[in-house]
Amino acid sequence: MASGKRKAGAMATGRGAGAKASKTPKTPKQRLLWLLKWASIGFLVMILVAVGGFVVLYKSIDIPSPNADYLTATTHVYYDDGKTELGDFAIQRRDPIEYGEMPQNIKDAVVAAEDQSFWTNKGIDPKGILRAAFNDASGGSTQGASTITQQYVKILYLTQERSWKRKVKEAILSLKIQKQLSKQDVLEGYLNTIYFGRGAYGIQAAAQAYFQVDAKDLSLKQAAVLAAVLNDPNDLDPSNGKKAKIALKQRYQYVLGSMAKLGTVDSGRAAKSEKLLPPFPKQEPNDTYGGEKGHVLQMVKQQLLDLGFSEEEIEGGGLKVTTTFTQKAMDAAAEGVDEQRPDGAEFSDKNLHVGVATVEPGTGAVRGIYAGQDYLQSQLNWAVEGGQAGSTFKPFALAMALKNGWSLKDTFDGNSPYTAPDGTEFVNEQDTDYGSAVSLLKATEDSINTCYIDLTLSTPDGPQKIVDTAEDMGIPPLKKPANAYGFPSYTEGLNANAQVALGSQTVSPINMANGYATIANGGVAADPYIIEKVVDADGKTRYQHKVDTHRAISADVAADVSYALQDVVKYGTGTAALGLGRPAAGKTGTATNGLDQVSSAWFVGFTPQLSTAVMYVRGKGNEQLDGWLPEYFGGSYPARTWTAIMLKDMEGLPVEEFPPAANVDGTAPTTGHAPYTPPPSPTHRPSPSHPTTTKSTPTNTPTQPTEPTDTGSSSDGGGTSSAPPSSSQPPASTPTSKPSRTPHQRGRRRRPAA
């Protein structure tokens with residue numbers, strides 16, 4: 001019986017399980033309704049949690065006292081040691097006025113420009129907050145769209161941190177302030193504290209900074225300008241050039257149009273005012289920017305803006321900026337220029353502009369510059385403005401040649417004129433003939449134009465390859481790239497044409513020094529930079545530079561280019577640099593303007609530790625040097641200035657040697673450029689391993705009389721050195737005795753290109 005009961009129980013259990021398993025499944029519609037029900041419940045819970053959290057935050061966040069640093073947030077700029085102050089951005093003008101003293105037109109203009117719903121909103125922009133939170137959380141760009149109340153809160157109570165947490169706190173404080181202050185109080189506070197650029201905080205200081213009038217006397221057009229510049233005080237400041245003035249006018253027209261839309265100005269008056277910006281009085285530079293310091297500070301400011309810092313942070317955010325500049329290199333540049341520039345009032349900084357830049361190979365750190373005239377007298381920075389490079393551009397063509405199968409021993413046509421396939425004729429200085437088979441080494445030593453034209457045109461796609469190599473080595477492209485580098489980040493006139501190696505493009509001393517630094521660094525290029533570190537007022541590191549390098553040319557190619565440039569100093573046009581008293585390499589250069597007048601003179605050179613470029617130009621940068629400057633070739637004033645600067649820069653540094661020549665020798669792209677072989681003696685026959693050139697009988701000596709060498713100048717300012725040729729010279733590259741040097745550098749066409 002017991003077992004029967006157990007069996008009956010088991011059967012009952014089985015029936016129960018079977019009944020449950022046979023339950024009718026949910027239809028798709030039922031499942032959807034079930035999901036919607038729970039989703040609604042979840043969403044409601046989330047809303048309740050969010051509201052509850054907001055209420056808790058609202059009660060827990062008190063309105064703090066205004067930032068103590070608001071009136072003392074000076075940004076300091078330091079040399080590379082992070083301790084020695086280079087300067088500061090202390091042009092901070094503040095002059096609060098009462099609401100009743102502010103003209104109605106500035107109130108209306110700012111509301112139209114910044115927050116058109118100001119008079120009706122509750123102090124926050126929910127859409128703007130959500131958009132900012134989403135973008136910051138997803139790693140996107142930071143978003144603005146704050147109301148005037150939110151902007152006022154940020155200025156007075158919060159840091160410049162850009163995050164969704166700060167946005168939420170900003171919103172809560174805005175709501176609280178909205179309850180405690182009237183709209184008039186908020187607008188008064190905002191107009192007394194917002195940054196307008198030019199170091200001006202508040203409308204009274206801005207009216208004086210831009211128009212030299214009191215705020216109460218601002219015209220409609222002036223008020224519209226000041227409301228417009230709030231959007232971007234740097235890029236909309238008309239004193240920053242034509243581009244800024246065009247952008248300002250567009251924003252200015254938007255402000256006037258918005259005022260007409262809101263009915264705060266008559267539409268006809270607005271349309272009439274839109275046509276022209278008001279006149280701007282001449283802006284007087286602040287005397288704290290005197291000397292070279294002003295140029296450096298402006299470079300630092302622009303770099304900070306490029307890194308994403310706002311002008312308000314730069315001018316009044318209490319940043320601590322450590323630069324790459326050293327006091328030693330800055331002093332060396334200024335003192336070297338002062339020692340070597342010619343005497344006489346006509347050769348003052350106002351007329352004769354000397355640009356200097358020193359860059360550290362391997363890092364790209366700009367250690368020193370000389371910008372030219374006192375910043376208070378002229379804001380043109382010639383270390384950045386630059387000039388036509390002339391033959392200082394040839395090393396980039398030489399590097400291209402060695403990359404593409406040529407060697408220092410290969411020969412090219414050094415006679416003048418050289419006729420290109422399109423009929424254009426190129427000549428050497430004084431139309432000097434150097435022979436039809438001149439080694440690339442000698443062509444570099446003596447900067448022979450026709451050889452470099454022959455090289456360029458004998459290399460398949462040679463002009464473009466020269467441009468590409470120069471860009472790889474640190475010369476910025478014709479147009480500013482997305483990943484911008486350099487000072488400036490573009491090179492005017494860098495076109496792939498037959499004469500590209502002769503240097504008609506405009507290059508800055510900073511970029512030229514950085515390009516040569518690639519050679520000094522064994523072919524590894526680094527992007528130039530001037531800011532090492534930025535720390536904010538709270539001690540948080542906001543930016544730390546990371547050296548960005550890439551291999552531009554092989555170590556062997558770099559060694560051979562360096563070897564050739566050492567020969568320029570030892571035997572060629574740059575012998576003035578022998579005064580450095582240690583291994584040095586460099587290149588002279590001059591360029592001519594459209595009137596065939598010498599308009600720039602250069603010397604760019606390096607040691608293993610530093611690369612320095614020196615440029616001499618006149619007037620607007622392209623005016624005549626020959627017949628005005630006592631000596632106008634690269635081997636004269638520029639080379640002597642370079643030597644004076646580098647003597648100071650290198651003081652205390654160990655003497656370092658360059659690597660030996662690698663004698664790179666690939667397969668030449670075209671025939672007819674075999675290495676030069678001297679004529680055989682009567683008892684010797686030419687070796688089969690050294691074939692003679694297929695061109696006409698070679699000669700490596702000029703066919704015209706040479707200039708006297710005791711004057712110390714030639715076309716590039718170099719005289720003949722009495723030093724013997726280097727024992728490491730590539731075999732069969734040049735005769736064993738060096739001929740005297742004849743002027744030839746100035747590159748010009750005998751007739752214009754077709």
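Here, residue 1 is the first one in the sequence, and each next residue gets the next number. Because the structure is a prediction, the values reported are computed rather than measured.
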**Donor-acceptor side-chain pairing of Y616 and T641 below 3.5 angstrom** = yes

**Prompt:** Any chance the side chains of E385 and N381 put a donor and an acceptor closer than 3.5 Å?
**Reply:** no

**Message:** Treating E311 as the side-chain partner and N234 as the backbone partner, does any N or O pair qualify as donor plus acceptor under 3.5 Å?
**Reply:** yes

**Item:** I369 vs M299 side-chain heavy atoms within contact, under 4.5 Å
**Value:** yes

**Asked** What do you reckon, is CZ of F280 surrounded by more than 12 foreign heavy atoms closer than 6.0 Å?
**Response** yes

**Item:** Side-chain (Q373) to main-chain (L380) donor-acceptor, under 3.5 angstrom
**Value:** no

**Prompt:** Quick one: are P476 and Y485 in side-chain contact, heavy atoms under 4.5 Å?
**Reply:** yes

**Prompt:** Name the one of T193, I203, N192 that satisfies side chain to side chain contact (heavy atoms under 4.5 Å, CB included) with P96?
**Reply:** N192

What side-chain donor-acceptor pairs closer than 3.5 Å can you find for residues 216-225, not counting sequence neighbours?
from : atom 1 : to   : atom 2 : distance (Å)
S219 : OG     : Q222 : N      : 3.2
S219 : OG     : Q222 : OE1    : 3.4
K221 : NZ     : L276 : O      : 3.0
Q222 : OE1    : S219 : N      : 3.0

**Request:** Cation-pi check, K107 to Y99: give yes when NZ or CZ is under 6.0 Å from the six-membered ring centre and within 45° of the ring axis, no otherwise.
**Result:** yes

**Short N-O contact, K648 and D331, less than 4.0 angstrom** = no

**Request:** Begin with the C-alpha distance, continue with both residues' side-chain angles, and end with the deciding distance and a verdict on side-chain contact (heavy atoms from CB on, under 4.5 Å) for F211 and L226.
**Result:** CA-CA 10 Å; F211 300 109; L226 294 181; 4.0 Å; yes

**Asked** Short question: side chain of E85, backbone of Y78 - any donor-acceptor pair under 3.5 Å?
**Response** no

**Request:** Flag yes if more than 12 heavy atoms outside K249 fall under 6.0 Å of its NZ atom; otherwise flag no.
**Result:** yes

**Prompt:** Going by distance alone, is a donor N or O of one side chain under 3.5 Å from an acceptor N or O of the other, for E114 and Q151?
**Reply:** yes

**Request:** For R618 and H353, indicate whether the former's side chain and the latter's backbone hold a donor-acceptor pair under 3.5 Å.
**Result:** no

**Request:** Indicate the atoms forming the closest heavy-atom contact of A215 with P103, along with that distance.
**Result:** O-CG, 3.1 Å

**Asked** Cut-off 3.5 Å, side chains only: do D349 and Y370 have a donor facing an acceptor?
**Response** yes

**Request:** Report, as yes or no, whether the 6.0 Å neighbourhood of atom CD on E335 holds more than 12 heavy atoms from other residues, nucleotides or ligands.
**Result:** yes

**Request:** Without swapping roles, check the side chain of Q379 against the backbone of Y375 for a donor-acceptor pair under 3.5 Å.
**Result:** yes

**Message:** Salt bridge check, R198 against E315: does any charged N sit closer than 4.0 Å to a carboxylate O?
**Reply:** no

**Prompt:** By side chain to side chain contact (heavy atoms under 4.5 Å, CB included), which residues pair with F347, not counting sequence neighbours?
**Reply:** P342, L352, W628, L629, P630

